[in-house]
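Source: prediction; values computed, not measured.
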Amino acid sequence: MAGSAGLSQDELKKMVGYKAVDDHVRSGMVVGLGTGSTAYFAVERVGQKLKSGELRDIVCIPTSERTREQALSLGIPLCTLNEKSRLDVSIDGADEVDPDWNLVKGGGGALLREKMVEIVSDKFVCIVDESKLCKGLGPGFPLPVEITPFCHEHTQRLIADLPAIKPYLKEAVLRKGSIANNKPDGDKIAITDNGNYIVDLHFKEVLKDAPAAAAQLKNTVGVVDHGLFISMATEVIVAGKEGVYVT
């Protein structure tokens with residue numbers, strides 16, 4: 001594809017979102033729709049192609065209430081995992097991508113539903129702009145961990161003290177304000193679509209063993225799930241200065 005020098009970040013996100021749908025979504029499929037500013041454009045593209053008749057007989061599973069509302073506004077047929085426990089493809093963004101395609105996701109607060117949908121997809125196509133690529137997970141973007149409200153301060157202490165987390169951790173911050181970003185933009189505790197809280201783990205160093213961190217977090221009672229998506233992506237489409245490419 002032609003070079004993309006001079007394009008805004010939104011224009012780059014649009015390029016990868018459209019390419020993912022054009023390359024991977026066909027009529028008759030069950031499709032997972034991701035959440036966030038990059039996935040927004042993939043949802044938009046599905047709506048366009050349904051309206052034009054280029055796509056027919058597809059059903060989509062959204063990974064958040066925000067995505068569900070966008071899809072409904074575009075006339076995209078929807079269902080849930082209750083009706084379809086296997087998907088042909090899911091398309092979603094990421095907050096960080098390491099060289100092994102391990103991801104940090106959940107900056108938008110939808111990590112649990114995203115993981116539930118993407119883990120049962122035959123293909124999970126990750127779409128990012130070049131700024132999301134990193135040499136190792138950790139310092140570039142806080143790692144979200146979804147926890148139960150019950151005794152949340154206790155659970156926050158437990159996860160901060162895990163062996164694969166503690167040596168690299170700067171601070172563990174309870175997300176407040178809008179659930180859709182990890183900025184401190186309010187005084188009230190942010191609530192996920194599932195009624196839970198999120199703790200954002202800020203790291204001073206690269207996580208030495210992301211799979212171990214993922215396992216330890218998942219095994220902590222009080223943790224619902226976490227934003228480490230290990231060995232789940234089947235393709236990563238990147239928009240950068242030189243154009244759109246597949247890593």
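His202 places no side-chain N or O within donor-acceptor distance of the main-chain N or O of Glu171, the cut-off being under 3.5 Å. Between the side chain of Thr234 and the main chain of Phe124, a donor-acceptor pair closer than 3.5 Å is present. No donor-acceptor pair under 3.5 Å is formed between the side chain of Asp161 and the backbone N or O of Arg157. Counting only distance, with no hydrogens or angles, the side chain of Asp92 and the backbone of Thr35 share a donor-acceptor pair below 3.5 Å. Not one N or O on the side chain of Arg45 forms a donor-acceptor pair closer than 3.5 Å with the backbone of Lys19. With Gln216 contributing its side chain and Ala164 its backbone, the two residues share a donor-acceptor pair below 3.5 Å. Between the side chain of Gln156 and the main chain of Ala172, a donor-acceptor pair closer than 3.5 Å is present. For Asp200 (side chain) and Val145 (main-chain N/O), no donor-acceptor pair under 3.5 Å exists by modelled atom type. Remark: the backbone N or O of Thr80 is paired with a side-chain donor or acceptor of Glu83 at under 3.5 angstrom. Under the 3.5 Å distance criterion, the side-chain polar atoms of Thr63 are left unmatched by any main-chain donor or acceptor of Glu114.
Taking OH from Tyr40 and CG from Asp10, the interatomic distance works out to 10.0 Å, rounded to the nearest 0.5 Å. Atoms CD1 and NZ, from Ile127 and Lys13 in turn, are 10.0 Å apart once rounded to the nearest 0.5 Å. In this structure, CG on Asp95 lies 9.5 Å from CZ on Phe229, to the nearest 0.5 angstrom. Here CD of Glu96 is found 13.5 Å from NZ of Lys135. Values are rounded to the nearest 0.5 Å. Going from atom CD1 of Ile147 over to atom OG1 of Thr155 covers 5.0 Å, rounded to the nearest 0.5 Å. Atom CD1 of residue Ile58 and atom CD1 of residue Ile76 lie 6.5 Å apart, to the nearest 0.5 angstrom.
Residues Leu103 and Val224 share a single hydrophobic cluster, defined by chaining ILVMFWY side chains whose heavy atoms lie under 4.5 Å apart. In this structure, Leu33 is not a member of the same hydrophobic cluster as Met232, with clusters built from ILVMFWY side-chain heavy atoms closer than 4.5 Å. Criterion: ILVMFWY side-chain heavy atoms under 4.5 Å apart, direct or through other members. Under it, Leu111 and Leu174 are not part of a common hydrophobic cluster. Leu137 and Val223 fall within the same hydrophobic cluster, defined by Ile, Leu, Val, Met, Phe, Trp and Tyr side-chain heavy atoms under 4.5 Å apart, directly or through other members. One hydrophobic cluster, built from ILVMFWY side chains closer than 4.5 Å, cannot hold both Leu7 and Phe41; they sit in different ones.
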Criterion side-chain contact (heavy atoms from CB on, under 4.5 Å) on Val16 and Val238, from CA distance to verdict: CA-CA 6 Å; Val16 290; Val238 183; 5.6 Å; no
Residue pair Gln70, Thr67: steps toward the side chain to side chain donor-acceptor pair (under 3.5 Å) verdict: CA-CA 5 Å; Gln70 182 197 3; Thr67 298; 5.2 Å; no
Test log, rule side-chain contact (heavy atoms from CB on, under 4.5 Å), inputs Ile159 and Val199: CA-CA 9 Å; Ile159 61 182; Val199 174; 4.1 Å; yes
side-chain contact (heavy atoms from CB on, under 4.5 Å) between Leu143 and Leu228, worked out: CA-CA 7 Å; Leu143 168 62; Leu228 287 168; 3.7 Å; yes
side-chain contact (heavy atoms from CB on, under 4.5 Å) assessment of Ile91 paired with Val21: CA-CA 8 Å; Ile91 300 171; Val21 173; 3.9 Å; yes
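In terms of heavy-atom proximity, Asp98 sits nearest to Gly136 at CB-CA, 4.4 Å. The nearest pair of heavy atoms linking Glu65 to Asp193 is N-OD2, 2.9 Å. The two residues Pro142 and Val104 make their nearest non-hydrogen contact at O-CG1, 3.8 Å. Closest approach of Gly32 and Val117 over heavy atoms only: CA-CG1, 3.9 Å. Asp88 and Met29 make their closest contact through OD2-CA, 3.2 Å (heavy atoms, listed as atom of the first residue, atom of the second, distance). Between Leu50 and Pro77, the shortest heavy-atom distance links the atoms CD1-CD, 3.7 Å.
Contact check on Glu130 versus Lys241 returns a salt bridge, with a Lys/Arg side-chain nitrogen under 4.0 Å from an Asp/Glu carboxylate oxygen. A salt bridge does not link Glu146 with Arg113: every distance from a Lys NZ or Arg NE/NH1/NH2 to an Asp or Glu carboxylate oxygen is 4.0 Å or more. Between Glu11 and Lys14 there is no salt bridge, since no side-chain N of the basic residue sits under 4.0 Å from a carboxylate O of the acidic one. A salt bridge links Asp225 to Lys218: one of the charged nitrogens lies within less than 4.0 Å of a carboxylate oxygen.
The neighbour count for Lys176 NZ, taken as heavy atoms of other residues, nucleotides or ligands under 6.0 Å away, does not exceed 12. For Asp187, the CG atom counts as loosely surrounded, since its 6.0 Å shell holds 12 or fewer non-hydrogen atoms of other residues, nucleotides or ligands. Crowding of Lys170 atom NZ: a count of heavy atoms from other residues, nucleotides or ligands under 6.0 Å not exceeding 12. Summarising the local packing, NZ of Lys84 is surrounded by 12 or fewer heavy atoms from other residues, nucleotides or ligands at distances under 6.0 Å.
In this structure, the side chains of Val97 and Cys134 stay at 4.5 Å or more apart for every pair of heavy atoms. Side-chain contact between Asn182 and Pro144: absent, with no pair of heavy atoms (C-beta onward) separated by less than 4.5 Å. Looking at heavy atoms from C-beta onward, Met116 lies in side-chain contact with Leu81 at the 4.5 angstrom threshold. Counting only heavy atoms from C-beta outward, the side chains of Tyr18 and Glu44 approach each other to under 4.5 Å. A 4.5 Å side-chain heavy-atom check between Ile179 and Ile191 finds every atom pair outside the cut-off. Two residues are said to be in side-chain contact when any heavy atoms from C-beta on lie closer than 4.5 Å; Ser90 and Val31 fail this criterion. Side-chain contact check for Val128 versus Val236: some heavy-atom pair is nearer than 4.5 Å. Here the side chains of Val125 and Asp23 are not in contact, with every heavy-atom distance at 4.5 Å or above.
Defined by atom type and a distance below 3.5 Å, a donor-acceptor pair is present between the side-chain atoms of Asp129 and Ser131.
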